[in-house]
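Lettering follows sequence order; numbering is per chain, from 1.
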Amino acid sequence: MANKVITRFAPSPTGYLHVGGARTALFSFLLARHFGGEFLLRIEDTDLARSTETAVHQLLDDLRWLGLNWDNTELVFQSKRLEIYNKIIDDLLKRGLAYKAYETDEELTAQRAVAEKAKRTYIYRRPQLTDDQLRAYESENRPHVVRFATPVKDYYFEDAVLGPGQGVNSTQVQDFVIRKSDGMPTYHFAVVVDDADAGITHVLRGQEHLLNTVNHIALQEALGYPRPIYAHLPVILNPQDGSKMSKRDRDKLIRQRAQNWLKTNKTSPQDLAAKTSLAVSQIEDWLKDTQKQLDIPEQQQVMSVIGLKNTDLPEILVHDFRKAGYLPEAMLNFLALLGWNPGGDRERMTTEQLIELFTIEGIGRSNAKFNREKLLAFNTEYAASTSAAHLVQAFKAYLAVNPESPLARASDEQLAKMLEMKKGFRLLRDVDESSRFLFMRDDEITYQPDAVEKVLKKSDNQGLTVLRDLRPILATLSTWNHATIESAINAYGAEKQLGLGKIAQPVRVAVSGGTISPPIFESLEFLGKENTLARIDRCLTPAL
RNA sequence: GGCCCUGUCGUCUAGAGGCCUAGGACACGGCCCUUUCAAGGCCGCGACACGGGUUCGAAUCCCGUCAGGGUCACCA
């Protein structure tokens, strides 16, 4: 390749980065790195209503977490480039290659409805307005959009993934909007200008953009821009129903559950609105209109009312996976394999290897379902093979997005110890959740009722009896470490003819409140004698 | 519905006319290990969507059918 490869990732800041976007970013990153080119980041914030500054930070943060570093020091924000766009649009207007269109939303919807009824596709072409009408509209400053007068002809192009012959024939081209009535350019216009400005050579994006490409090509031809190489990536699908995996899936699930909740509680949207302190009209609209979405805080409010936990929601956003305790390397490796593979049996690859092996030819054409089990397996493997020091860093990054965890108080040494004790863990969250009790005060421990029942009270309080026997034995231990504890407990087990399971489980419940923990003797050593005894005493008080 | 894309184990895929009795990974099942959850070891189950061609020979090429997906915005 003679010229330098320049790729870009151009998300719109409407929320956290989702896995589809991350995959697109990764492929763009890998292609650029493979050829020693540049990988650029641009923020497409032309949708004023939906773009937020918080989302920009969230996006950058997730990208950095993944290690997808971009090369431009200055971020490009489309919202700051209005002058540039307007100059070009005005020129297009002057040259008659674009025109103002005055239809209202309602009029367009009506026209589309008519077309649909007549079973033909709605194609927007320039309406024939008389000069008088035009002058009148102009003088009354009527709201308008600017549309591109797309030259009517066939638009076919070769896609680097899908092959030649992509596009549409002349009967299907229409005049699309390039400047919205609020004065902002549309995506179609801004991408074309910005990609040309940045000298983008390869555009990698989701297959949902395939047909948009004809608009972009038409614009490039009118503007005298070169056409980049297009590579449309297969879509990432939901494993359950095979529909496109999207950010809306969480909203969808919450809506479904909310509707069920209304039904089972025989209550009204008004009630839900009152309990969540959201506007009745908003709740009503949201419940019946799947296009409407709640933002994250609003979702949380609804979830707490209807009793839905965050962990019940499907992970879709990179941030969800991050919070759940996945390692970025595992995530990247898994994402890379979603629609691409190096050929052969190769699966485990470091980022360096991915860069070396990545080619557009290796990108597949069929859509892929997002298989969380496989991601989990990848994560488990990475966790097992990563150095202790690196794992501590990853754990700290995990805690940074899970600040409520008691482990947030732990020192690096303690974190390393937790990681070591839980060797073989799948997610950092597993380490966190199963070790929390070690960092809580004795009175913060909550006892899980089913664990208490099954392990302590069953068979005529067998578990409690063990604790009562063990308490003085442990109390007299002069040296408190896992070895001394183990031999004391083994001696007790031998005397009473009890297997370790019958002894370890009651102790586990006593100190942790549940049935899952790191290895028990090391846990007790870490906890210390005083706290261990205090927790056993709590169990032996009649109140429990 | 129109237009477009895709179709190999449950899932991600290897496979570019004979290397295929179709390989790998995850999942799943069984056994082993085990103080919990995991991890680990061994064994196993399991696919070329269907129907026609072309060819000495087809998972691989062609046609049709079916199925899935994408897209039809003043969202990107």
Any heavy-atom pair between the side chains of [Y] and [X] that's under 4.5 Å?
X        : Y        : value
A/Asn333 : A/Glu347 : no
A/Gln172 : A/Asn169 : yes
A/His319 : A/Gln58  : no

Checking all strands, does [X] fall into the base, sugar-phosphate, or nothing category for heavy-atom contacts under 4.0 angstrom?
X        : value
A/Gly339 : sugar-phosphate
A/Leu337 : sugar-phosphate
A/Lys423 : base
A/Thr380 : sugar-phosphate

Quiz item: Within 45° of the ring axis of A/Phe334 and under 6.0 Å from its six-membered ring centre, is that where the NZ or CZ of A/Arg372 lies?
Solution: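 A/Arg372 over A/Phe334 ring: no.
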Quiz item: Is the charged tip of A/Lys423 near the ring of A/Phe425: under 6.0 Å from the six-membered ring centre and within 45° of its axis?
Solution: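 Not satisfied by the 6.0 Å and 45° rule.
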Quiz item: If you pin A/Leu237 and A/Glu522 to their nearest nucleotides in RNA chain B, which one's is more 5'?
Solution: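 That would be A/Glu522.
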Self-check item: Whole-Å distance separating the CD1 atom of A/Ile363 from the C1' atom of B/rC12
Solution: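 Going from CD1 in A/Ile363 over to C1' in B/rC12 covers 16 Å.
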Quiz item: When the ring planes of A/Trp340 and A/Phe27 are compared, do they come out parallel, tilted or perpendicular, using 30° and 60° as the limits?
Solution: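 Geometry flag for A/Phe27 against A/Trp340: perpendicular rings.
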Exercise. Look at the rings of A/Tyr124 and A/Tyr99 and say which category their plane angle falls in: under 30° parallel, 30 to 60° tilted, over 60° perpendicular.
Key: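 Plane angle under 30°, so parallel.
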Practice problem: Mark up nucleotides 3-8 of chain B, 5' to 3', with B wherever a protein heavy atom is under 4.0 angstrom from a base atom, S wherever such an atom reaches only the sugar-phosphate, and - elsewhere. | Solution: SSSS--
Quiz prompt | Qualifying residue, where the test is side-chain hydrogen bond (donor to acceptor under 3.5 Å, both in side chains) with A/Asp159 and the options are A/His232, A/Gln207, A/Arg365 | solution =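 Considering A/His232, A/Gln207, A/Arg365, a side-chain hydrogen bond (donor to acceptor under 3.5 Å, both in side chains) with A/Asp159 is found only for A/His232.
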With both distances under 3.5 Å as the test, what is the Watson-Crick or G-U wobble partner of [N]?
N      : result
B/rG40 : B/rC32
B/rC3  : B/rG70
B/rG64 : B/rC50
B/rU21 : none

Quiz item: Counting only heavy atoms not in A/Glu53, do more than 12 fall under 6.0 Å of its CD?
Solution: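 For A/Glu53, atom CD is not crowded (no more than 12 foreign heavy atoms under 6.0 Å).
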Quiz item: Going by atom types alone, do A/Tyr122 and A/Gln111 pair a side-chain donor with an acceptor below 3.5 Å?
Solution: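 Judged by distance alone, the side chains do pair up.
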Practice problem: For a side chain to side chain contact (heavy atoms under 4.5 Å, CB included) with A/Val511, tell me which candidate from A/Thr532, A/Leu438, A/Asn531 qualifies. | Solution: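 Checked A/Thr532, A/Leu438, A/Asn531 against A/Val511; only one passes side chain to side chain contact (heavy atoms under 4.5 Å, CB included): A/Thr532.
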Quiz prompt | Distance between P atoms of B/rG46 and B/rG29 (Å, rounded) | solution =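 Straight-line distance between the two P atoms is 16 Å.
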Output a table of nitrogen or oxygen pairs between the protein and nucleotides 24-29 of chain B separated by less than 3.5 Å.
| unit_1 | atom_1 | unit_2 | atom_2 | d |
| --- | --- | --- | --- | --- |
| B/rG24 | N2 | A/Glu347 | OE2 | 3.3 |
| B/rA25 | O4' | A/Glu347 | OE1 | 3.4 |
| B/rA25 | O2' | A/Glu347 | OE1 | 2.7 |
| B/rA25 | N3 | A/Lys374 | NZ | 2.8 |
| B/rC26 | O2' | A/Lys374 | N | 3.2 |

Polar atom pairs between nucleotides 74-76 of chain B and protein, under 3.5 Å, N or O only, would you list them?
| unit_1 | atom_1 | unit_2 | atom_2 | d |
| --- | --- | --- | --- | --- |
| B/rC74 | OP1 | A/Arg112 | NH2 | 3.3 |
| B/rC74 | OP2 | A/Arg147 | NH2 | 3.4 |
| B/rC74 | O2 | A/Ser181 | N | 2.8 |
| B/rC74 | O2 | A/Ser181 | OG | 2.7 |
| B/rC74 | N3 | A/Ser181 | OG | 3.1 |
| B/rC74 | N4 | A/Glu103 | O | 3.2 |
| B/rC75 | OP2 | A/Lys180 | NZ | 3.2 |
| B/rC75 | O2' | A/Asp47 | OD2 | 3.1 |
| B/rC75 | O2' | A/Arg50 | NH2 | 3.1 |
| B/rA76 | OP1 | A/Thr46 | OG1 | 2.8 |
| B/rA76 | OP1 | A/Lys180 | NZ | 2.5 |
| B/rA76 | OP2 | A/Tyr187 | N | 3.4 |
| B/rA76 | O3' | A/Glu44 | OE1 | 2.7 |
| B/rA76 | O2' | A/Ser12 | OG | 3.4 |
| B/rA76 | N6 | A/Asn212 | OD1 | 3.4 |
| B/rA76 | N6 | A/Asn212 | ND2 | 3.1 |
| B/rA76 | N1 | A/Asn212 | ND2 | 3.4 |

